[in-house]
Amino acid sequence: MPLLLHDTLTRTPRPLTPLDGKTLRFYCCGPTVYGPAHIGNFRTFVAQDVFRRVLEFGGQPTLHVRNLTDVDDKTIRDSQKAGQSLTDFTRYWTEKFHADCTALNLLPPHVEPSAVAHIVHQVRMIETLIERGHAYATADGSVYFKVTSFADYGRLSHLEDRELKLGASEATRATDSDEYTKDSLADFALWKARKPEDGPNFWPSPWGEGRPGWHLECSAMALEYLGEDFDVHSGGIDLIFPHHENEIAQSCCATHGKFAHHWFHVTHLMVDGGKMSKSLGNLYTLEDLQKRGYSAAEVRYVLISGHYKAPLNFTFHSLDAARQALQKLAKFEKALREASGETALFEAAQLIAHGSAGPLQEAWDTLSDDLNVPGALGAIFGAINRTKPASLSKEEARSTLLSLHFMLGALGLVLPSVPEDSTADIPAEIADLAERRWQAKQSKDWPLADTLRKELDAAGWIIKDTKEGYQVLKK
RNA sequence: GGCGAGGUAGCAAAGUGGUAAUGCACUGGUCUGCAAAACCGGUAUGCGCGGGUUCAAUUCCCGCCCUCGCCUCCA
């Protein structure tokens with residue numbers, strides 16, 4: 001059963017089958033590398049990662065392209081401010097971004113093209129658009145896309161002519177727009193003529209020195225790596241207009257293809273019930289949360305715990321809940337391992353061959369229905385509550401273990417170690433405290449025993465009494 | 001104002017035309033000296049508000065209210 005995914009353009013869920021019959025090719029708008037990405041940005045990237053994993057775990061090969069926007073107003077402005085070359089500046093933030101992606105267990109895209117490295121492709125595309133009468137150069141050496149030349153403009157965002165004009169009238173007030181002589185205020189820049197504040201960041205073109213417009217980057221790189229027609233294009237919901245609308249216009253007018261056949265947009269993350277913003281002090285980066293003692297795995301869990309189409313409210317309480325939920329999964333996993341006697345790690349191919357089977361089939365079916373992650377998690381926990389690993393046969397336990405890993409792999413969840421796994425080296429003073437507490441307990445000196453237990457607790461250790469004796473566990 | 005997405009327990013979040021998943025939190029029990037852990041239970045007569053359709057509506061229809069996003073370079 002192919003993955004069912006809601007399509008922004010048709011506003012209906014549609015099954016995804018690759019256009020070329022083999023590989024499902026998709027493009028994701030990547031980050032602008034001018035500062036640290038925040039968890040809202042990562043909600044989108046994590047959702048796209050789950051999308052890819054679900055396809056691949058379902059046996060569908062993919063070609064995942066995600067660009068790096070390393071030349072635009074912000075990267076140029078901030079690199080100048082930092083006194084660095086654009087290359088050095090964007091390289092630094094790109095490396096930061098990659099480190100966060102790795103921590104969040106995001107599969108690296110198969111191709112990660114940089115905008116700067118594709119200026120030639122963009123210039124070529126502009127030339128085609130001018131030849132075909134969809135774009136025009138102005139006296140200052142900029143080039144604009146002629147929106148009225150593309151009849152379908154506004155179809156994705158469902159903006160009527162009236163609304164487009166309304167937006168244009170607002171733009172009239174912006175001084176920047178007045179510097180150019182656009183035919184229509186709704187027209188957008190494909191090439192921006194060099195300005196003094198750009199510093200050394202300009203490139204040659206048939207229309208003079210300058211740099212490409214932001215929207216064009218994605219069209220040019222998608223064409224280069226995915227062709228005129230490809231399966232899915234994805235990004236944050238805010239990109240629908242104007243970015244994706246403009247991409248469609250550029251690409252459809254410059255090629256004979258239809259561009260993306262399916263649009264996948266991820267709704268924004270909210271924090272404490274409202275939008276995230278620097279001024280409200282609720283804009284968090286992964287690093288911020290790690291400094292507060294949360295793991296990237298916990299952050300990932302929170303980010304996928306709401307359906308991608310619905311607003312998700314991020315709170316610290318939700319991070320705490322994620323920690324407990326992951327712990328519960330880890331304990332179940334451990335119990336299955338013990339019941340099956342299985343110690344090896346599984347290969348991806350082995351998991352895919354095994355599938356979700358048995359008690360987790362429902363979870364997989366739910367996940368395959370428009371990437372319903374919260375529904376799938378619910379099904380997994382439901383199965384956990386109904387399954388007693390100790391009562392399973394070795395074979396049953398192994399099969400369930402494989403199914404669990406299949407689902408965890410599809411969701412990209414990495415389990416934490418359970419406390420029992422980290423008892424290896426107990427410091428002498430801790431062992432001593434524990435032993436004294438045990439002796440106190442044996443002699444029924446409850447106050448002393450409790451005091452010693454509190455000391456252990458404060459030091460980060462837990463005492464677990466059993467029939468035979470006691471265990472010391474790291475918290 | 002236009003377009004879009006949402007409003008479900010203390011928090012978070014699925015779902016369905018016919019007794020409301022799941023996680024956290026809370027709580028009762030078993031166990032324990034008491035705990036912790038584990039295990040077995042409990043916790044929304046209710047799903048923004050008001051109408052309508054229906055034997056039956058949280059689910060479909062209409063109206064309204066609220067939240068969030070976009071409305072020219074924000075994931």
Side-chain angles (χ1 to χ4, degrees), chain A residues 8 11 28-32 37-48 69 72-74 147 154 157-160 162-164 166-168 170-171 174 176-177 185-189 192 213-217 234-243 245-246 265-270 273-277 301-302 305-307 309-326 328-329 331 335 362-363 366 372-385 388 419-420 441 444-447 449-450 453-454 457 462-467 470-471 473:
Chain A
T8 312
R11 299 194 221 178
C28 301
C29 287
T32 300
H38 54 71
I39 53 171
N41 296 309
F42 280 115
R43 180 186 189 190
T44 299
F45 299 132
V46 168
Q48 291 162 343
T69 296
D72 78 322
D73 292 342
K74 291 182 297 240
V147 165
S157 48
H158 306 104
L159 285 175
E160 303 298 328
R162 200 165 55 82
E163 275 76 58
L164 291 169
L166 185 119
E170 277 168 5
D176 200 48
S177 305
L185 284 159
D187 291 352
F188 56 90
K192 295 181 154 190
W214 177 54
H215 307 300
L216 191 61
E217 297 175 2
S234 175
I237 197 166
D238 54 302
L239 295 183
I240 293 176
F241 189 88
H243 188 53
E245 198 70 73
N246 291 353
H265 288 106
V266 181
T267 297
H268 279 340
L269 182 74
M270 306 211 299
K275 60 182 163 187
M276 234 187 339
S277 75
Y301 189 96
V302 171
S305 67
H307 189 101
K309 256 169 60 191
L312 173 66
N313 191 22
F314 175 87
T315 62
F316 282 96
H317 180 80
S318 63
L319 274 174
D320 293 331
R323 172 168 297 175
Q324 292 308 120
L326 284 166
K328 185 165 178 167
L329 287 168
K331 284 174 184 168
E362 183 195 343
T366 303
N372 187 349
V373 176
L377 287 170
I380 291 172
F381 283 109
I384 287 177
N385 293 337
K388 303 288 160 265
E420 279 84 347
K441 182 181 164 163
K444 300 203 190 301
D445 184 350
W446 311 129
D450 289 349
R453 187 166 63 196
K454 272 182 197 148
D457 184 77
I462 298 168
I463 287 285
K464 190 165 153 187
D465 291 339
T466 61
K467 310 120 252 164
Y470 65 95
Q471 268 187 292
L473 305 171

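Just so we're clear, the structure is a prediction, and the values are computed from it rather than from any experiment.
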Open item on the list: For A:H243 and A:W214, take the angle between the two ring planes, folded into 0 to 90°, and tell me which bin it lands in: parallel under 30, tilted 30 to 60, perpendicular over 60.
Closed with: parallel
Open item on the list: Does B:G23 have its OP1 or OP2 closer than 4.0 Å to a side-chain nitrogen or oxygen of A:K328?
Closed with: yes
Task: Inter-nucleotide C1' distance (B:G15, B:G63), Å rounded - done: 26 Å
Task: Any strand: nucleotide that pairs with B:G17 via Watson-Crick or wobble, under 3.5 Å - done: none
Task: Pair partner, B:U45 [Watson-Crick or wobble, under 3.5 Å] - done: none
- [ ] Taking only the side-chain nitrogens and oxygens of A:N385, find out if one of them lies under 4.0 Å from OP1 or OP2 of B:A21.
- [x] no
Open item on the list: Using the P atom as the point on both nucleotides, what is the distance between B:G18 and B:C68, in whole Å?
Closed with: 33 Å
Open item on the list: In this structure, how many angstroms lie between the P atom of B:U22 and the OH atom of A:Y301, rounded?
Closed with: 13 Å
Open item on the list: Main chain of A:S157, side chain of A:E245: is a donor-acceptor contact present, judged purely on distance under 3.5 Å?
Closed with: yes
TODO: Give one of base, sugar-phosphate or nothing for A:S157, where a contact means two heavy atoms less than 4.0 Å apart.
DONE: sugar-phosphate
Open item on the list: Can you tell me if A:R11 touches the phosphate of B:G4, counting only side-chain N or O atoms and a distance under 4.0 Å to OP1 or OP2?
Closed with: yes
- [ ] Tell me whether A:W446 is stacked on the nucleobase of B:G33, counting only the six-membered base ring and applying the 5.5 Å and 30° thresholds.
- [x] yes
- [ ] Give the rounded distance in Å between these two atoms: CG of A:D320 and P of B:G10.
- [x] 20 Å
Open item on the list: Please confirm whether the shortest side-chain N or O distance from A:K454 to OP1 or OP2 of B:C34 is below 4.0 Å.
Closed with: no
Task: Contact under 4.0 Å: A:K441 side-chain N or O vs B:A35 OP1/OP2 - done: no
Open item on the list: Applying the Watson-Crick and G-U wobble criteria at under 3.5 Å, what pairs with B:C24? Answer none if nothing qualifies.
Closed with: B:G10
Task: Listed nucleotide nearest any side-chain atom of A:L312, set B:C3, B:G23, B:A13 - done: B:A13
Open item on the list: Quick check for you: among B:C34, B:A75, B:A12, whose closest atom lies nearest to any side-chain atom of A:N313?
Closed with: B:A12
Task: Partner nucleotide of B:A5 by Watson-Crick or wobble geometry (both distances under 3.5 Å) - done: B:U67
Open item on the list: When both hydrogen-bonding distances must be under 3.5 Å and the geometry is Watson-Crick or G-U wobble, what is B:C39 paired with, if anything?
Closed with: B:G29
Open item on the list: I'd like the C1' distance from B:G6 over to B:U45, given in whole Å.
Closed with: 26 Å
Task: Who pairs with B:A57 - Watson-Crick or G-U, where each distance is under 3.5 Å - done: none
TODO: Grab the CG-C1' distance between A:L319 and B:A25 for me, whole Å please.
DONE: 15 Å
Task: Touch class at under 4.0 angstrom, heavy-atom based, for A:K309 against every strand present - done: sugar-phosphate
